[in-house]
Amino acid sequence: MDAARTGGRFIVRIEDTDQARLVPGAVEAILSSLRWLGLDWDEGPDVGGPHAPYIQSERRELYQEAADRLVESGAAYLCDCSPVRLDEVRKRQEALKLPPGYDGHCRRRDPEELSAARRAGAAVVVRMKVPPAGEVTFVDLVRGKVRFSWATISDFVILKSDGFPTYHLAVVVDDHAMQISHVMRAEEWIASTPRHILIHENLGYTLPTMVHLPLLLAPDRSKLSKRHGATSVTEFRDEGCLPEALFNFLALMGWSPGDDREVMTREEIVEAFWLARIKDSPAIFDRQKLEWMNGVYIRKLAPRQLAERLAPFLERHQGGLPPAITPLDLDYLEKVVPLIQDRLKGLAEAAPLIDFMYVDEVSVKLEELVQKGVTAESASTALTRSMEILRGVEPFDHESLDRRFRALAEELGLKTGQLFGALRVAITGKVVAPPLFETMAILGRDRCVARVEKALDLMTRAAVQP
RNA sequence: GCCCCGGUCGUCUAGCGGUCCAGGACGUCAGCCCUUCAAGCUGAAGAUCACGGGUUCGAAUCCCGUCCGGGGCACCA
């Protein structure tokens with residue numbers, strides 16, 4: 001959003017330097033999620049650009065060169081400590097209640113010996129030499145001046161034994177190579193920033209503007225993660241969240257335009273966006289508010305648009321409409337949609353609300369047919385008289401049905417709710433359903449007559465064999 | 001344990017020394033509307049601005065301490 005507002009470029013870079021954690025298809029999933037959300041990038045692995053390649057595993061030479069340069073200049077050194085030794089060191093530190101960290105063992109060893117070991121194929125990493133004392137300060141656009149003591153940071157790995165860089169090296173090398181002006185990342189990275197500064201300085205690069213964004217927390221106040229059932233963008237999409245609603249909602253987590261606006265278009269958000277207005281405290285993800293906002297966006301859609309967006313959800317196998325209806329008749333759906341538009345918080349909720357409009361018969365429960373305060377006899381009479389209306393009313397539309405049934409209720413001495421309730425159950429098979437007469441009008445005379453007839457039949461049979 | 005960053009209604013937030021006995025939104029509750037459920041409208045409850053000290057004529061706003069929460073301390077990002 002900042003890039004969009006300031007006329008900058010948004011670059012997508014794939015940081016895949018951990019070979020052990022490669023997940024097939026993950027990159028595609030991330031890119032498609034971003035795209036679905038409407039976050040279009042100017043440069044990236046799929047669209048290319050002047051700073052290609054955009055995948056770190058394809059830029060390994062750059063990192064290796066940088067690491068070599070740092071070793072040559074004395075800013076970094078080789079280390080062949082085994083995982084076993086590192087583990088022992090850590091345990092010892094723990095026992096002595098010292099802060100964990102590399103003890104600098106190889107820093108004091110003969111570089112020639114280590115580089116010979118590396119040439120011989122030993123597992124050797126490159127570590128940065130962290131100053132033993134003193135402090136670093138940097139300015140974070142959200143937090144202001146931040147200060148760290150070097151003493152709290154130990155010599156960290158920048159190049160792993162498999163030849164891949166760690167995040168720390170890769171990010172610095174690439175940010176420089178790709179002319180990144182603003183590093184915006186989650187607050188969990190703020191403690192790594194001193195390392196990045198150290199690498200920047202020793203490579204002769206200038207530090208980009210640093211911006212650490214507040215974390216999004218789970219309802220239990222811990223970091224949002226898979227462990228806590230964190231939802232991915234994909235899941236929101238599957239639940240029928242509108243991308244424009246999610247975008248709007250997410251933009252408001254940790255940022256506000258400074259006035260009372262909440263429901264905003266993408267353009268309004270981009271125009272109002274300002275890094276300095278980002279909050280510096282973490283926020284808990286409020287699903288209920290997202291659902292409300294999604295409902296707002298759903299209600300704003302034109303019936304045709306909503307029908308089109310609903311179609312994939314209605315046609316799918318799990319949680320969709322009965323399979324016989326596919327492909328969907330969009331013209332019919334467009335007429336149905338206004339009946340449920342106000343009732344939707346997510347697109348996935350539509351199917352159970354309108355499934356009765358897509359089947360030949362609905363199953364009706366006898367006890368639901370007879371409303372509170374109504375006897376079986378008068379319910380039966382009411383439905384019999386209703387049949388007459390359904391057969392004869394002209395035209396078969398919302399207004400005429402409304403007028404005739406209202407008159408019938410009065411004539412029978414029933415409350416409108418009692419009569420309409422019984423009809424609703426007969427027609428839809430549900431106690432809760434969209435407005436009755438609009439529904440009837442769409443269903444058409446024949447289907448309504450058949451359903452009321454069937455309900456009457458059910459009552460009659462129940463009466464003869466009690 | 002050490003380091004860093006936070007702390008305004010349950011939640012998201014406005015607030016940048018007086019206009020704030022703190023405003024908006026979600027949620028909750030009540031009423032209206034009403035054929036059910038929603039939506040909509042109206043109203044209500046809900047924050048001693050984490051706590052304690054300063055600074056100041058005046059502090060949610062500035063300073064210090066405490067407490068609480070989170071993050072980080074890997075050949076993970």
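Chain letters run A, B, ... following the sequence lines, proteins first, then strands; residues in each count from 1.
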Respond yes when some side-chain nitrogen or oxygen of A/Arg277 is under 4.0 Å from OP1 or OP2 of B/rG15, and no when none is. yes
Closest of B/rC75, B/rG1, B/rG6 to the A/Pro100 side chain is B/rG1
Select base, sugar-phosphate, or nothing to describe what A/Gly254 touches, counting heavy atoms under 4.0 Å on all strands. sugar-phosphate
Spacing of the P atoms in B/rU61 and B/rA44 (rounded, Å): 29 Å
Going by heavy atoms in the side chains, are A/Val364 and A/Met459 under 4.5 Å from each other? no
So does A/Arg221 get a side-chain nitrogen or oxygen closer than 4.0 Å to the phosphate oxygens (OP1/OP2) of B/rU11? yes
Counting Watson-Crick and G-U wobble pairs only, both distances under 3.5 Å, name the nucleotide matched with B/rU28, or none. B/rA44
Across the strands shown, which category fits A/Ala433 at heavy-atom distances under 4.0 angstrom: base, sugar-phosphate, nothing? base
Side-chain contact test, heavy atoms from C-beta onward, threshold under 4.5 Å: evaluate it for A/Met357 versus A/Lys335 and give yes or no. no
Using the closest heavy atom to pick a nucleotide of RNA chain B for each, name whichever of A/Thr416 or A/Thr17 lands nearer the 5' end. A/Thr416
What is the nucleic acid contact for A/Val157, judged by heavy atoms within less than 4.0 Å: base, sugar-phosphate only, or nothing? sugar-phosphate
Counting neighbours of NZ on A/Lys345 that are heavy atoms of other residues, nucleotides or ligands and sit closer than 6.0 Å, is the number greater than 12? no
Starting from C1' on B/rC26, measure out to CG on A/Leu290 and report it in whole angstrom. 11 Å
Please tell me if A/Ser256 has a side-chain N or O lying less than 4.0 Å from either OP1 or OP2 of B/rC12. no
Taking 4.0 Å as the cut-off, does a side-chain nitrogen or oxygen of A/Lys160 come that near to OP1 or OP2 on B/rA77? yes
Starting from the 5' end of RNA chain B, give me the residue, A/Gln288 or A/Asp80, whose nearest nucleotide shows up first. A/Gln288
Closest to the side chain of A/Asp280, out of B/rA25, B/rG1, B/rG7, is B/rG7
For a quick check of understanding: with a heavy-atom distance under 4.0 Å over all strands, which category does A/Phe437 fall into, base, sugar-phosphate or nothing? base
For atom CD of A/Glu268, decide whether the heavy atoms of other residues, nucleotides or ligands shown that lie under 6.0 angstrom number more than 12. yes
Using the C1' atom in both, what is the distance from B/rG46 to B/rC29, to the nearest Å? 11 Å
Between the base of B/rC37 and the side chain of A/Arg343, is there a donor-acceptor distance below 3.5 Å? yes
Scan A/Arg21 against the nucleic acid and name what it touches under 4.0 Å (heavy atoms): base, sugar-phosphate only, or nothing. base
Do A/Val146 and A/His212 have side chains that get closer than 4.5 Å, going by heavy atoms? no
Describe the nucleic acid contact of A/Met293 in one word from base, sugar-phosphate, nothing, applying a heavy-atom distance below 4.0 Å. nothing
From the list B/rG7, B/rA77, B/rG10, which nucleotide is the closest neighbour of the side chain of A/Glu15? B/rA77
Picking from B/rG24, B/rC5, B/rC12, the nucleotide nearest the side-chain atoms of A/Asp260 would be B/rG24
Output the rounded distance in Å from CZ (A/Arg195) to P (B/rA77). 12 Å
Between C1' of B/rU13 and CZ of A/Phe285, the distance in whole Å: 16 Å
For a 4.5 angstrom cut-off between non-hydrogen side-chain atoms, does A/Ser386 reach A/Leu419? yes
Should the pair A/Phe420 and A/Phe437 be assigned to parallel (<30°), tilted (30 to 60°) or perpendicular (>60°) ring geometry? perpendicular
Sugar-phosphate, base or nothing in reach of A/Glu187, heavy atoms under 4.0 Å: base
Counting any heavy atom closer than 4.0 Å, what does A/Tyr167 reach on the DNA or RNA strands: base, sugar-phosphate only, or nothing? base
Rounded to whole Å, CD of A/Gln341 lies from P of B/rC37 at a distance of 20 Å
In whole angstrom, give me the gap between the P atoms of B/rA59 and B/rU19. 11 Å
Hey, is NZ on A/Lys415 packed in by over 12 heavy atoms from elsewhere, all under 6.0 Å? no
Of all the nucleotides listed (B/rA14, B/rC12, B/rG70), which has the minimum atom distance to the side chain of A/Leu215? B/rG70
Tell me what A/Arg299 touches on the nucleic acid: a base, only sugar-phosphate, or nothing, going by heavy atoms under 4.0 Å. sugar-phosphate
Pairing partner of B/rC73, by Watson-Crick or G-U wobble and under 3.5 Å for both distances, is B/rG1
Under 4.0 Å, heavy atoms only, any strand: does A/Leu436 hit a base, just the sugar-phosphate, or nothing? base
What is the pairing partner of B/rA14, taking Watson-Crick or G-U wobble pairs with both distances under 3.5 Å in any strand? none
Between B/rC75, B/rU11, B/rU36, which nucleotide gets closest to the side-chain atoms of A/Arg424? B/rU36
B/rG15 and B/rC5, which share atom name P, separated by this distance in whole Å: 22 Å
Tell me the interatomic distance from A/Leu306, atom CG, to B/rA38, atom P, rounded to whole angstroms. 19 Å
Using 30° and 60° as the class boundaries, would you call the ring planes of A/Phe156 and A/His168 parallel, tilted or perpendicular? perpendicular
Any base atoms under 4.0 Å from A/Glu262, or only sugar-phosphate, or nothing? Heavy atoms, all strands. base
With a 4.0 Å cut-off on heavy atoms, is A/Pro434 in touch with a base, just the backbone sugar-phosphate, or nothing at all? base
Rounded C1' spacing from B/rG65 to B/rC75 in Å: 42 Å
Under 4.0 Å, heavy atoms only, any strand: does A/Asp18 hit a base, just the sugar-phosphate, or nothing? sugar-phosphate
Rounded to the nearest angstrom, tell me the gap between atom CG in A/Leu250 and atom C1' in B/rC26. 16 Å
What integer number of Å spans the P atoms of B/rC63 and B/rU48? 23 Å
Of B/rA39, B/rG10, B/rC75, the nucleotide closest to the side chain of A/Asp342 is B/rA39
Of the listed nucleotides B/rU36, B/rC4, B/rA25, the one nearest the side chain of A/Trp292: B/rA25
Reckon A/Arg406 has a side-chain N or O less than 4.0 Å from the OP1 or OP2 of B/rU35? yes
Sticking with atom C1', work out how far B/rC37 lies from B/rG7, rounded to a whole angstrom. 41 Å
With rounding to whole Å, what would you report as the distance between B/rA14 and B/rG54 at their P atoms? 30 Å
For B/rG7, which nucleotide is its Watson-Crick or G-U wobble mate, given both distances must be under 3.5 Å? B/rC67
Rounded interatomic separation in angstrom, taking CZ from A/Arg85 and P from B/rC75: 12 Å
Would you mind classifying the nucleic acid contact of A/Pro214 as base, sugar-phosphate or nothing, using non-hydrogen atoms under 4.0 angstrom? nothing
Decide yes or no, distance alone: a donor-acceptor N/O pair under 3.5 angstrom between the base of B/rC3 and the side-chain of A/Ser149. no
Distance-only, no hydrogens or angles: does the A/Ser149 side chain make a donor-acceptor pair with backbone N or O of A/Thr152 under 3.5 Å? no
Rounding to an integer number of Å, can you tell me how far A/Glu438 CD sits from B/rU36 P? 13 Å
B/rC34 pairs with which nucleotide, Watson-Crick or G-U wobble, both distances below 3.5 Å? none
